[in-house]
Amino acid sequence: MSEITKAANEDYAYLKENIETLNQSIEAACRDSGRKVDEIHLIGVTKTYEPDVINASIRYGIREIAENRVQEITRKFEAISTDVEWHLIGHLQTNKVKYIIDKVKLIHSVDSLKLVEEIQKRAAQINKVQEILIQINIADEEQKFGIQPDDLPQLLESISKMNCVRVVGLMNIAPLVENVENLRADFKQMKRLFDGLEGLGYSNVKSEFLSMGMSNDYRVAIEEGSNMIRVGTAIYGKRNYTGGC
Ligand SMILES: *Cc1c(COP(=O)(O)O)cnc(C)c1O
């Protein structure tokens, strides 16, 4: 290891500690619920953080990262280690699909037929099969993106006719609550919807990833069946939103 890398690693020692603590906590949640640790995908949510910090977290074992804005992916993409897979977890406007279609492994936040049609079109242009999750507004919050559970069958039926899009699971964003125990019912309902995907019999709809759980609620989410958690604060620290948004 070069002197420069060594010095940089020392600056980011807190990341190493945070990631170790998080991994222990994930292990404990798995133990408590009879889950296997290696089933759980830990995604580092890197929004507002700069490439130097993100690359340090990759050196400490983060293998998948997520941003919630297209501009952040395009801005940082070239500066980030190639040892990582990119996820988009925020609302995606149809006219921005073209900027990220060649960069992201998984789009978590798909919530309309119009958006899937654009993803199909852009994926076809680059001979890619784009993996997506359908975002469900399970708590039925007014200000949130995501479709209602009742609208899922029809959306999946439409997607089943597309050849460059593959639905690999579901995602939700839980509301901020004081007591995370109150989220169990929603997480359970997500798991039921997720388990129902395979039974639809569509060749491009699979139940591989249930993306639920963030810094506050990932333990409960894992206990209720999540296998993909999106963790920002617990790895990188509290975000400082000065960049305007
Ligand atoms: C910011 C964000 C997260 C991570 O939130 P933390 O509470 O910092 O862990 C997860 N999912 C989505 C969709 C986000 O926008």
Side-chain angles (χ1 to χ4, degrees), residues 14-15 17-26 29 40-50 53-54 56-58 60-73 75-76 84-93 96 100 104-112 115 131-147 168-180 182-183 186-187 190 194 209-245:
Y14 70 95
L15 287 176
E17 271 175 40
N18 288 350
I19 292 166
E20 279 170 6
T21 306
L22 184 57
N23 280 328
Q24 283 163 8
S25 170
I26 293 168
I40 313 290
H41 286 250
L42 168 60
I43 301 181
V45 177
T46 52
K47 61 190 182 198
T48 77
Y49 284 96
E50 292 304 313
V53 178
I54 301 169
S57 73
I58 295 168
Y60 292 132
I62 296 295
R63 287 288 161 263
E64 299 176 81
I65 58 174
E67 289 282 344
N68 65 337
R69 303 174 73 204
V70 166
Q71 302 92 297
E72 288 295 282
I73 296 181
R75 186 174 73 82
K76 296 173 192 173
V84 82
E85 287 173 322
W86 289 78
H87 296 244
L88 181 73
I89 57 176
H91 181 65
L92 177 57
Q93 285 171 289
K96 293 188 176 155
I100 49 115
V104 295
K105 172 190 156 63
L106 184 59
I107 303 171
H108 293 226
S109 40
V110 174
D111 63 355
S112 74
L115 177 57
E131 298 196 333
I132 64 171
L133 305 179
I134 306 298
Q135 181 174 354
I136 309 287
N137 184 358
I138 202 79
D140 196 15
E141 289 178 282
E142 244 174 59
Q143 304 285 332
K144 280 259 173 77
F145 295 109
I147 65 165
V168 290
L170 303 176
M171 176 267 217
N172 82 309
I173 303 175
L176 252 186
V177 291
E178 250 169 59
N179 183 357
V180 290
N182 295 337
L183 299 172
D186 283 351
F187 287 154
M190 283 295 294
F194 174 72
F209 303 115
L210 180 55
S211 169
M212 60 182 193
M214 322 199 323
S215 292
N216 270 329
D217 54 25
Y218 67 86
R219 288 183 207 79
V220 177
I222 288 173
E223 286 166 15
E224 298 301 339
S226 165
N227 63 5
M228 186 169 263
I229 58 174
R230 311 176 306 265
V231 180
T233 313
I235 296 173
Y236 299 99
K238 224 169 141 40
R239 284 179 293 273
N240 191 356
Y241 286 102
T242 48
C245 62

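Counting convention: from 1, in listed order, for ligands and their atoms alike.
When non-hydrogen atoms are compared, ligand 1 lies under 4.0 Å from neither the backbone nor the side chain of H108.
A distance-only check finds no donor-acceptor pair linking the side chain of K144 to the backbone of N172 [under 3.5 Å]. In this structure a side-chain-to-backbone donor-acceptor pair under 3.5 Å is present from N227 to L210. When atom types are taken as modelled, the side chain of D217 and the backbone of M214 share a donor-acceptor pair closer than 3.5 angstrom.
In summary, E64 and K105 do not engage in a salt bridge, as defined by a charged side-chain N under 4.0 Å from a carboxylate O. Salt-bridge formation is detected for the pair E50/R75: a Lys NZ or Arg NE/NH1/NH2 atom is positioned less than 4.0 Å from an Asp or Glu carboxylate oxygen.
Atom 10 (C) of ligand 1 has as its closest protein heavy atom M214 SD, 3.3 Å. In this structure, the protein non-hydrogen atom closest to atom 8 (O) of ligand 1 is T233 OG1, 2.5 Å. Of all protein heavy atoms, the one closest to atom 12 (C) of ligand 1 is I89 CD1, 3.4 Å. In terms of protein heavy atoms, atom 9 (O) of ligand 1 is closest to S215 OG, 2.5 Å.
Of the polar atoms of G232, at least one N or O is found under 3.5 Å from an N or O of ligand 1, judged by distance alone.
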**Check against side-chain hydrogen bond (donor to acceptor under 3.5 Å, both in side chains), S25 and Y218** = CA-CA 9 Å; S25 170; Y218 67 86; 2.7 Å; yes
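Classified by interplanar angle (parallel below 30°, tilted 30° to 60°, perpendicular above 60°), the ring pair H91/F145 is parallel.
Here is the list of ligand 1 atoms found below 4.0 Å of a heavy atom in V231: 9 (O).
Evaluated by nearest non-hydrogen atom to atom 2 (C) of ligand 1, the leading choice among E67, R230, K47 is K47.
Ligand 1 does not have N216 within reach: every non-hydrogen atom of the residue lies 4.0 Å or more from it.
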